[in-house]
Amino acid sequence: RLAEKAVQRNHEFSISDVRNLPQALQNPIAVFTYGDKEKAQNVIVELERDGKNFVIGIHLNQIRKGLVVNDVRGMF
C-alpha cells in the first residue's frame, strides 16, 4: 500500500520518509475519527516531509485471512 501511495501525484513521498511509521503510530500527535468512529481514524504522526506532518488514514479491526488487523488506507 505504501508503494502505491508513494507514487500517486497528490501523495508523493519517499518510502524512506515513513520507515519509522509503526513507531510513529504508537505515539501519535493527534487522532481524529471519521466516518464510522468504530472503524476508521486519521492519525497525525511525528514523521514529516517538507516541514509538514503526515496524516495516516487507518481502518480498524479489519479481517484479513482470519486475522484482525488495522489497515493503513491513506497517507497525506
To check you understand the geometry: which heavy-atom pair defines the closest contact between [X] and [Y], and what is its length?
X	Y	answer
N42	G57	OD1-CA, 3.4 Å
Q62	D71	CG-CB, 4.1 Å
V45	I29	O-CD1, 3.6 Å

Between D17 and F54, is the side chain to side chain contact (heavy atoms under 4.5 Å, CB included) condition met? List the steps. CA-CA 10 Å; D17 292 334; F54 278 95; 4.1 Å; yes
If you group Ile, Leu, Val, Met, Phe, Trp and Tyr by side-chain heavy-atom gaps below 4.5 Å, do I56 and V69 land in one group?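 They do not share one cluster, since no chain of ILVMFWY contacts under 4.5 Å joins I56 to V69.
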Taking atom CZ of R49 as the centre, report whether more than 12 heavy atoms of other residues, nucleotides or ligands fall under 6.0 Å from it.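 Yes, because the 6.0 Å sphere around CZ of R49 holds more than 12 heavy atoms from other groups.
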Evaluate L25 against I58 for side chain to side chain contact (heavy atoms under 4.5 Å, CB included), listing each step before the verdict. CA-CA 10 Å; L25 287 168; I58 301 176; 3.8 Å; yes
What's the verdict on side chain to side chain contact (heavy atoms under 4.5 Å, CB included) for I63 and V68, showing C-alpha distance, side-chain angles and the deciding distance? CA-CA 5 Å; I63 305 296; V68 178; 3.5 Å; yes
Parallel, tilted or perpendicular: which one describes the rings of H59 and Y34, with boundaries at 30° and 60°?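 Because their plane-to-plane angle lies in the 30° to 60° range, the rings of H59 and Y34 count as tilted.
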Apply the test side chain to side chain contact (heavy atoms under 4.5 Å, CB included) to residues K39 and L60: give CA-CA distance (whole Å), side-chain angles for both, the deciding distance (0.1 Å), then the verdict. CA-CA 5 Å; K39 295 181 182 179; L60 304 171; 5.5 Å; no
Ignoring hydrogens and geometry, is there a side-chain-to-backbone donor-acceptor pair from N70 to N61 under 3.5 Å?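 Looks like yes, one N/O pair under 3.5 Å.
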